[in-house]
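Encoded as structure tokens, the structure appears first; notes follow it.
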2 protein chains.
Amino acid sequence: MEAEPLGRRERKRLATHHALRTAALQLGAERGIRDVTVEEIATAADVSVRTFYDHFPSKEDAIIGFDAWRVGQLRDALASRPPDEAPLEALRVVMAQFFHESSDEWPLRMRAINADPALMGRMFVSFIAYERTLVEVIEQRTGLDGERDPYPALVTAVATAAFRASMTTARASGGGLDPAATFDAAIARLSDALRPPAHEDGRAAC
Amino acid sequence: MEAEPLGRRERKRLATHHALRTAALQLGAERGIRDVTVEEIATAADVSVRTFYDHFPSKEDAIIGFDAWRVGQLRDALASRPPDEAPLEALRVVMAQFFHESSDEWPLRMRAINADPALMGRMFVSFIAYERTLVEVIEQRTGLDGERDPYPALVTAVATAAFRASMTTARASGGGLDPAATFDAAIARLSDALRPPAHEDGRAAC
DNA sequence: TGAATGAATTGCACATCGTGCAGTCACTTT
DNA sequence: AAAGTGACTGCACGATGTGCAATTCATTCA
């Protein structure tokens with residue numbers, strides 16, 4: 001899907017980026033992000049405070065915010081699903097896959113969220129940024145105009161709602177429920193209601 | 001529903017609260033909240049900066065955050081819906097009513113959000129705080145245990161998803177679509193899929 | 001009525017946040 | 001080899017959010 005050689009400079013930048021995120025994740029999971037200063041994170045990653053802000057707009061974003069890079073990845077994944085697949089199903093596959101991808105980060109991220117539940121909110125905000133991109137793809141897939149038809153925004157919002165609810169419930173159950181399985185079940189429940197609307201000419205919308 | 005005489009002290013506090021919110025709303029709608037300092041808001045409401053922080057944790061909350069008072073109001077409204085009403089329908093009624101209530105604030109709030117779209121995210125986060133309360137009421141209504149059954153969290157998340165999507169679409173359409181009507185339509189669409197699950201003994205859940 | 005209580009407001013101090021700017025150095029390009 | 005570009009850095013500064021002690025005033029209780 002991509003094959004850039006990636007020069008030394010680029011590699012170094014990515015290394016710094018990763019070191020900062022890891023440090024933030026680690027410290028946030030240990031002591032709660034509120035009790036960690038940007039200076040500590042920067043020191044742990046062995047860069048200056050100023051450099052931290054060149055990579056992330058805030059320490060919270062270093063923990064829960066998702067890069068433009070991953071947004072693009074998600075968009076490509078959704079765009080390359082079979083065109084005849086139901087939108088909600090396509091979203092389910094892509095989101096599950098996305099969850100699986102950075103699975104090593106999730107345990108730390110979850111501990112950080114437990115230490116400071118406000119982070120959950122920040123994470124949902126970042127979902128919204130994703131939604132905007134996903135809605136665009138859904139519009140293309142279905143050929144619907146998002147400014148006139150609420151459908152694309154609705155399916156996408158419902159998909160992330162299912163994702164959110166799964167995480168919340170899994171957290172409330174204290175590990176008794178598997179978030180991934182709960183997510184699948186929730187989507188299955190909703191899929192009947194959210195088949196795309198027919199076009200005005202009667203042609204199916206996807 | 002309530003009938004507290006409300007002493008002078010209480011009235012003064014509410015007046016201060018309202019003055020601060022109005023000032024924040026006004027200034028935020030005019031110039032965008034990023035370009036407004038807490039000091040300006042406090043001055044406009046004729047109180048000290050320190051007092052501002054006694055009422056709101058941040059200037060963003062003064063614009064979009066909803067009080068504990070309104071949370072309680074919403075909870076009571078939901079709890080007093082007929083017990084045999086479908087959960088999603090009860091949520092629809094209550095949320096529509098909530099939207100209608102502070103209808104004078106919405107135009108300003110919308111302008112503030114247009115001036116700084118990040119506020120939309122903050123608002124959705126505040127929805128999440130509401131969700132927690134609403135989920136509890138839904139659990140009581142349906143008799144389901146939120147730690148074992150994902151249903152209460154799911155219906156509520158879906159309801160707010162519909163609300164969010166309606167606002168987003170209405171905003172994208174540039175006033176062409178009525179958010180309230182779009183919201184109703186979205187809920188209608190989803191209601192079939194989200195009837196509560198039957199209890200294990202076969203009895204209907206609400 | 002008069003004293004005690006407690007809540008709202010205030011100024012002050014302080015740690016932290018987030019950003020603009022200019023400079024250095026390493027890598028890349030031509 | 002020279003010019004150019006981009007990552008990192010220190011510095012300065014306005015703004016944020018919070019603890020603390022003092023003041024004022026509504027409320028309550030003796």
Side-chain angles (χ1 to χ4, degrees), chain A residues 4-24 27-28 31-65 67-69 115-119 121-122 125-126, chain B residues 4-24 27-28 31-65 67-69 112 115-116 118-119 121-122 125-126:
Chain A
E4 306 132 38
L6 228 28
R8 177 179 301 176
R9 189 191 265 164
E10 200 77 6
R11 264 180 289 125
K12 282 196 171 183
R13 176 169 176 80
L14 282 189
T16 303
H17 196 83
H18 186 256
L20 282 170
R21 162 156 288 161
T22 304
L27 290 168
R31 320 205 312 254
I33 193 62
R34 302 261 323 186
D35 286 343
V36 178
T37 66
V38 173
E39 184 170 10
E40 286 176 295
I41 298 172
T43 302
D46 201 30
V47 293
S48 75
V49 172
R50 193 62 189 81
T51 296
F52 175 89
Y53 284 108
D54 281 340
H55 285 262
F56 302 99
S58 74
K59 56 186 178 182
E60 288 84 5
D61 287 277
I63 291 188
I64 52 84
D67 326 339
W69 178 71
D116 183 1
L119 279 179
R122 297 286 289 239
V125 171
S126 77
Chain B
E4 305 134 36
L6 225 32
R8 177 179 301 174
R9 179 146 69 194
E10 202 77 5
R11 262 180 291 127
K12 283 197 171 181
R13 176 169 177 79
L14 282 189
T16 303
H17 196 84
H18 186 255
L20 281 170
R21 161 156 290 162
T22 304
L27 290 169
R31 321 206 310 256
I33 193 61
R34 301 263 323 188
D35 287 341
V36 178
T37 65
V38 172
E39 184 169 11
E40 285 176 296
I41 299 172
T43 302
D46 201 30
V47 294
S48 74
V49 172
R50 193 63 189 79
T51 296
F52 175 89
Y53 284 109
D54 281 341
H55 285 261
F56 301 100
S58 74
K59 56 186 178 183
E60 288 84 5
D61 287 278
I63 292 188
I64 51 84
D67 328 338
W69 179 70
D116 182 2
L119 279 179
R122 297 285 289 238
V125 170
S126 78

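- Along DNA chain D, the nucleotide nearest to Ser48(A) and the one nearest to Arg50(B) differ in position, and the one closer to the 5' end is contacted by Ser48(A).
- For the residue pair Ser58(B)/Asp61(B), the side-chain donor-acceptor check at 3.5 Å is satisfied.
- Taking a heavy-atom distance under 4.0 Å as the criterion, the stretch of DNA chain C touched by chain B extends 5' to 3' from dG6(C) to dT19(C).
- Look at Tyr53(B) and you won't find any side-chain N or O under 4.0 angstrom from OP1 or OP2 of dT18(D).
- Both Arg34(A) and Lys12(B) lie close to DNA chain D; mapped to their nearest nucleotides by heavy-atom distance, the more 5′-ward contact belongs to Arg34(A).
- Taking 4.0 angstrom as the limit, His55(A) places a side-chain polar atom (N or O) nearer than this to OP1 or OP2 of dC8(D).
- Counting to the nearest Å, the C1' atom of dG17(D) and the NZ atom of Lys59(B) are 12 Å from each other.
- For Thr16(B) (side chain) and Lys12(B) (main-chain N/O), a donor-acceptor pair under 3.5 Å exists by modelled atom type.
- The separation between Phe56(B) atom CZ and dT16(D) atom P is 15 Å, rounded to whole Å.
- Nearest heavy atom pair, residue Ala45(A) against residue Leu20(A), reads CB-CD2, 3.6 Å.
- Using a 4.0 Å cut-off, no side-chain N or O of Arg13(A) falls inside it from OP1 or OP2 of dT5(D).
- A donor-acceptor pair under 3.5 Å is formed between the side chain of Thr22(A) and the backbone N or O of His18(A).
- Between Ile41(B) atom CD1 and dG17(D) atom P the separation is 10 Å, expressed in whole Å.
- Atom pair Ile33(B):CD1 and dA15(D):P shows a separation of 13 Å (rounding to whole Å applied).
- The backbone N or O of Val36(A) sits less than 3.5 Å from a side-chain atom of Lys59(A), completing a donor-acceptor pair.
- Looking at heavy-atom distances under 4.0 Å, Val38(A) makes contact with sugar-phosphate atoms alone, never a base.
- Using a distance-only test at 3.5 Å, with no hydrogens or angles considered, a donor-acceptor pair links the side chain of Glu40(A) to the main chain of Thr37(A).
- A donor N or O paired with an acceptor N or O is found under 3.5 Å between the base of dT5(D) and the side-chain atoms of Arg9(A).
- As rounded to whole Å, 13 Å separates atom C1' of dT16(D) from atom CD of Glu60(A).
- Side-chain contact check for His55(B) versus Arg13(B): some heavy-atom pair is nearer than 4.5 Å.
- Regarding Glu10(B), its CD atom lies at a distance of 9 Å from the P atom of dT27(D), rounded to whole Å.
- The distance from atom CZ of Phe52(A) to atom P of dG10(D) is 16 Å, rounded to the nearest whole Å.
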